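To start, the structure itself, in structure tokens.
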Amino acid sequence: MEHDYGYMEEEIKTKKNEDETQRQKQEQYYGDLSDGFGRVARKLRISVTDRCNLRCIYCMPSDNVEWFEKDNILSYEEITRLTAVFVSLGVNKIRVTGGEPTVRPHIANLIEAISKLDGVKSISMTTNGLLLQDNVLRLKKAGLDGVNISLDTFRTDRFKSICGVDGLQRVLASIKAADLAGLMLKINTVVIRGWNEDEVVDFARFARNTGHTVRLIEFMPLDGTGIWRPDLVVSKKEMVDMINTNVKNLVPLHNNTSEPATLYSFADGKGTIGFIPSMSEPFCKYCDRIRITSDGRLLTCLFESLGYNLKNLLREGKSDNDIRRYILESMQKKPEGIISVIRAKALKPTLNIMNRIGG
Ligand code: SAM
Ligand code: SF4
């Protein structure tokens, strides 16, 4: 019997290559990022800057802001390296946020670098939309999958009072542009009593008319201006009642516990509304997210003030393994979350401001 030895050798070589790839893949995976409460982190929010072109009243002071020193902000190379380390620990969904991510020059370069990392399932951005329209095609081309655009009002004068700048038309144009570019799109609306709770119904109608998912967010004590008070929080229940009475009855959708928003459709199936009830129904039990601040600290929880300094490790020349070990140890100390603060009746305005930690 004649053998085609050349062919067999080729087959053996291919098999060896496959085994090697499999071995390398296993080597790149270092176990899950679990915490002391049995939760596992899969989502990473990266704050790329603390700078912002708005001054939303619920997020940061309007003046005398103490910015991070430029040298203290992680470079794109540092962010990409850290992201790869997190991905090797089971993180697979990345969200770029800030501050305002679009004010950092060449942000699309970072999106591109992260989207090329093996193991990243999706990369999205949270933005105020002011500069998005001009960048949307470049971002999409770089690999961006989705955007959450913040919009708290449809009234020009009110936009200026809440956000400090006259920008409503630019945000509306960015919403259209993101939709046209084919990005997954959600609208984030922080609802505050006395400021915009009278527009909850308008947002519900907007969701029905445009087909965009609107997520109504309860005001959290992370404002940095000290204005937060319990009575300013408009609860999910109140918002559901307003919409049921004035628009149409809401029907809960099949919800995924790994998403902070509880999603509803309307009784006639037209439109989707989400609620992020961080205060009235905290979802800490299902928390699967962690954050990196723009100055390179790991925050395992929004309500953790200092966090763990990863920037120092990077700049001291530590290896990926050293950084992984430090991250795994830090995760074990992840606090239970806002739920324990609520339980202890210890809620108060905080100076741990959102633009610094990345909402
Ligand atoms: N600049 C971007 C933007 O505004 O979308 C990204 C950063 S911002 C800190 C991220 C999200 O956090 C926004 O949707 C914003 O509305 C939300 N946010 C900020 N402060 C908040 C607070 N005190 N309570 C609830 N949500 C807040
Ligand atoms: Fe800037 Fe976003 Fe904070 Fe508004 S919510 S001040 S846009 S970081």
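Because the structure is a prediction, the values reported are computed rather than measured. Both ligands and their constituent atoms are indexed starting at 1 by order of listing.
The residues R208 and D268 are annotated as salt-bridged, a charged nitrogen and a carboxylate oxygen being separated by less than 4.0 angstrom. Using a 4.0 Å cut-off between charged side-chain N and carboxylate O, E78 and R315 make a salt bridge. Electrostatic pairing of R158 and D198 counts as a salt bridge here, judged by a charged N lying under 4.0 Å from a carboxylate O.
The closest approach between a heavy atom of G99 and any atom of ligand 2 is below 4.0 Å. The closest approach between S278 and ligand 1 stays at or above 4.0 Å for every heavy atom of the residue.
Atom CG of residue N246 and atom CE of residue M242 lie 9.0 Å apart, to the nearest 0.5 angstrom.
Close approach of ligand 1 to V190 is summarised as follows: ligand atoms under 4.0 Å from at least one heavy atom of the residue are 16 (O), 26 (N), 27 (C). Close approach of ligand 2 to C59 (heavy-atom distance below 4.0 Å) involves ligand atoms 3 (Fe), 5 (S), 6 (S), 8 (S). Taking a cut-off of under 4.0 Å to the non-hydrogen atoms of M60, the atoms of ligand 2 that pass are 6 (S). If you number the atoms of ligand 1 from 1 as listed, the ones under 4.0 Å from a heavy atom of E100 come out as 1 (N), 2 (C).
Only the backbone of T127 comes within 4.0 Å of ligand 1, counting heavy atoms alone; no side-chain atom from C-beta on gets that close. With a 4.0 Å heavy-atom cut-off, ligand 1 is reached by the side chain of N188 but not by its N, CA, C or O.
For C56, every N, O or S atom stays at 2.8 Å or more from atom 3 (Fe) of ligand 2.
Figure legend: cation-pi geometry between R39 and Y286 absent, as NZ or CZ is not positioned both under 6.0 Å from the six-membered ring centre and within 45° of its axis.
Across R215, E218, M125, heavy-atom proximity to atom 25 (C) of ligand 1 is greatest for E218.
Using bins of under 30°, 30° to 60° and over 60° for the plane-to-plane angle, the ring pair F154/F206 lands in the tilted bin.
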